[in-house]
Amino acid sequence: MTAVAEASASPRSGRGHRRPLLQSERAQGLALISPTLLYALVLLVAPIAVVITYSFWSQDYLTVDRTFTLDQYRIALTEPIYRDLLLRSLWVSLLVSFFTVSLAYPIAYYISFHGGRHKSLWLFLITIPFWTSYLLRVMSWKVILGYNGVLNSGLMGLGIIDEPSTALLYNTSAVVITLTHAWAAFAILPIFVSLEKVDRTLVEAAKDLGDGPIRSFLRVTLPLSLPGVISAILIVMIPTVGDYVTPKLVGGKDGVMIATAIETQFKRGANWPLGAALSVITMIVVTLMAASIVLIIRQAGRRIR
Amino acid sequence: MIEIRSVTRSYGTFKALDDATLTIREGEFFSLLGPSGCGKTTLLRMIAGFDDPTSGAILVDGQPMDGIPANRRPTNMVFQSYAIFPHLNVEQNVAYGLKRLRALAQVSLVGLGKRGATELSGGQRQRVALARALVMRPKVLLLDEPLSALDKKLREQMQVELRRLQQAVGITFVLVTHDQYEALALSDRIAVMFGGRIAQVASPKEIYQRPANRQVADFLGGMNFMKGSVVEANGATITLDTPGFCRVRTDRPAGFSGNGHATLGIRPERLRVLWDDARASHEISGKVVERHYFGEITHLVVDVPGFEKPLSVTETNDFGADDLPIGAAIRLGYDPDALVAMAD
């Protein structure tokens, strides 16, 4: 009787022995991530939830009507001004990420392949501009590109132009130039890291198998560093779509982007639901664009082979 | 086929390769053998074009290689890490240099063409690396320790395959290895290197039986060394007296200064235990002080009265060497031909 009871109890106790262990591991894991998790919930998930909720409401002057409506989305998608602003934002962010990555790749390549013992010094030098505030860096571009700015006086001094050009500042290209500079380090670092991971004997093997420097770069180094390129593009592209400070300071009338329109809705326009709807649409579009860029680059990487 | 003419490679004051001169013949399986840091890989990389000599010249097929980049040399390399392109599959790896897939069959990789490079085992990776180099139809195939990453069983199997492959394709193979057995088993000729210098270039048998100096002898398996005094030194031969051993007259060893002392060596397996009343023309008597069992053989350490150091003896276990008690008095027989004279 006791023997039977023991026999039937033992597998259960064996299982019972395991479960608290697993539970405690799970509990430990949760405890470890809980500060971050809490932070993410309070400061990321909650605001997004609020924004999404607001986007389904409507507002008349100062009173918010909390009945469910898709009106805000209808307005946001049909009013040409918002569509144009969103398209311009996407276009600017694409240009910025293209130029940033194109300029960052050679720098990262140089540091990784020819940096020698001074790699960390080079990386350190790259971060120096980031010791000053983002605002100051944007303002300094105003000084460079302005009517009486460094570039204009330099060009006039060289006799290339007769009077200061107004084409430099307060337009889309000023926004692109400023953002490209502002995000450079964020593109250089991930590309550098993925180039560091490229096994140098693979490059030697490519040369051994008949590839010159350009072909071995295109067939081995570039495809193997694509993960870094992709993350650089995403790191630069996603925040620039919604950038607000740079267009405001150097963009002028011509350089207004979607973030400015969203700001207007939340402040002067006093239409929080419309601002929220614009935000949600921007988020969705950015997500879709980021995903398609990743897919396109991966596909292109496969094509190179 | 390959001529290395007094090639030196220095890094600052350190000489990785010091005045190396060497000729590798066409169709030969040639090994560069030595401990790590002896300069063998440096030399191989210079033949491949990944490194340049500080001075001296390298000629492949009569052509000076000076200033010719790796991608335009008639050589191909199998890297130690195999350097399989991880973003390509087997077929794309093999066809990297050109679009010929004949080599897949040659190294038995049929059916693996579409498999991803990261899904391969060590032996398969090695085959892919070989195939990838062979499709290029190189005049010389360079192998940088291609078997060192494999386990013992697989390594022995690949050694046999490598040798067969070399005979089938008839290309000159230059192998870098630190494994003396691999070099002995595979090569037509071996260059033994120490500290950036080439110590000896000869056939495996000659290197093993007639090592040029103590270092070479020691690197290729064990050897008993004894101090001998030179009683006569002619132009080509010397006569050596060693206590306990017979008088030996041999070829004058390389680097022998002319008189005084020389080193006499005998391999442990060339000393055999004389059982019961067996006789040999030359005998030494001693006492067993240590015994180490290795399965098919036993290592005996035999103390001989009047010797500075005890003798190492390797004996097969056919007659019970593994049962010899410590302290047993035994007689050892040897053939005078097994004695090697070396410069001190």
Side-chain angles (χ1 to χ4, degrees), chain A residues 101 105 108-109 112-119 190-234 293-305, chain B residues 41 44-51 68-100 103 114 116-118 125-126 128-146 149 174:
Chain A
V101 169
Y105 199 100
Y109 184 89
S112 178
F113 278 76
H114 305 288
R117 284 179 296 129
H118 304 297
K119 274 182 196 174
I191 296 172
F192 169 78
V193 169
S194 68
L195 280 171
E196 280 289 281
K197 279 199 226 147
V198 175
D199 183 356
R200 300 305 193 257
T201 48
L202 294 177
V203 183
E204 280 186 348
K207 289 195 172 138
D208 190 61
L209 294 166
D211 277 356
I214 294 169
R215 280 176 66 82
S216 74
F217 170 77
L218 288 175
R219 295 176 76 192
V220 176
T221 317
L222 185 61
L224 288 174
S225 62
L226 273 189
V229 172
I230 290 175
S231 44
I233 289 177
L234 295 184
I293 280 176
V294 171
L295 285 177
I296 287 166
I297 291 178
R298 286 228 179 110
Q299 214 55 44
R302 235 163 260 154
R303 202 60 57 75
I304 289 173
R305 291 156 208 175
Chain B
T41 303
L44 194 78
R45 289 176 59 82
M46 286 194 292
I47 299 172
F50 299 133
D51 201 353
I68 297 181
N71 53 321
R72 280 193 257 130
R73 292 194 182 193
T75 57
N76 280 108
M77 179 115 140
V78 175
F79 291 84
Q80 185 169 11
S81 59
Y82 306 142
I84 306 295
F85 300 118
H87 56 303
L88 306 179
N89 65 24
V90 170
E91 198 177 287
Q92 291 164 327
N93 258 286
V94 174
Y96 190 94
L98 42 82
K99 301 284 176 201
R100 263 190 270 169
K114 300 288 178 220
T118 43
R125 295 171 74 82
Q126 200 251 7
V128 173
L130 259 175
R132 191 177 67 181
L134 282 174
V135 280
M136 304 300 293
R137 306 261 145 197
K139 287 180 175 152
V140 180
L141 184 71
L142 307 169
L143 303 117
D144 185 8
E145 309 233 11
V174 181

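Chain letters run A, B, ... following the sequence lines, proteins first and then strands; every chain starts at 1.
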Visitor: With rounding to the nearest 0.5 angstrom, report the CZ to CD distance, R45(B) to E204(A).
Guide: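 Atom-to-atom, R45(B):CZ and E204(A):CD are 4.0 Å apart.
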Visitor: Would one find more than 12 heavy atoms of other residues, nucleotides or ligands at under 6.0 Å from atom CZ of R200(A)?
Guide: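 Yes, because the 6.0 Å sphere around CZ of R200(A) holds more than 12 heavy atoms from other groups.
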Visitor: Given heavy-atom pairs under 4.5 angstrom as the criterion, report whether the side chain, backbone, both or neither of L202(A) touches chain B.
Guide: both
Visitor: State, with a plain yes or no, whether a side-chain heavy atom of R219(A) is found less than 4.5 Å away from one of F85(B).
Guide: no
Visitor: For S216(A) versus Y96(B), what's the shortest heavy-atom pair and its separation?
Guide: CA-OH, 4.5 Å
Visitor: Is it true that D211(A) and N71(B) share a donor-acceptor pair across their side chains at a distance under 3.5 Å?
Guide: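 No.
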Visitor: For the atom pair CG (L224(A)) and NE2 (H87(B)), what is the distance rounded to the nearest 0.5 Å?
Guide: 4.5 Å
Visitor: Name the region of R73(B), side chain, backbone, both or neither, that has any atom closer than 4.5 Å to a heavy atom of chain A.
Guide: neither
Visitor: Mark yes when over 12 heavy atoms from residues, nucleotides or ligands other than L295(A) sit less than 6.0 Å from its CG; otherwise mark no.
Guide: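 Enclosed: over 12 neighbouring heavy atoms sit under 6.0 Å from CG of L295(A).
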Visitor: Contact part of I84(B) toward chain A, heavy-atom cut-off under 4.5 Å: side chain, backbone, both or neither?
Guide: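 Just the backbone, heavy atoms under 4.5 Å.
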Visitor: Side-chain contact, heavy-atom cut-off 4.5 Å: D199(A) with F79(B)?
Guide: no
Visitor: In this structure, are over 12 heavy atoms from other groups packed under 6.0 Å from K197(A) atom NZ?
Guide: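 12 or below, so no.
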Visitor: Minimum heavy-atom separation for T201(A) to S81(B), with atom names?
Guide: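 The answer is OG1-OG, 3.6 Å.
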Visitor: Can you tell me which of A48(B), A129(B), P86(B) forms the most heavy-atom pairs within a distance under 4.5 Å of chain A?
Guide: P86(B)
Visitor: Can you give me the closest heavy-atom contact between D208(A) and T75(B), atom names plus distance?
Guide: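 Taking D208(A) first and T75(B) second, the nearest heavy atoms are OD1-O, 3.8 Å.
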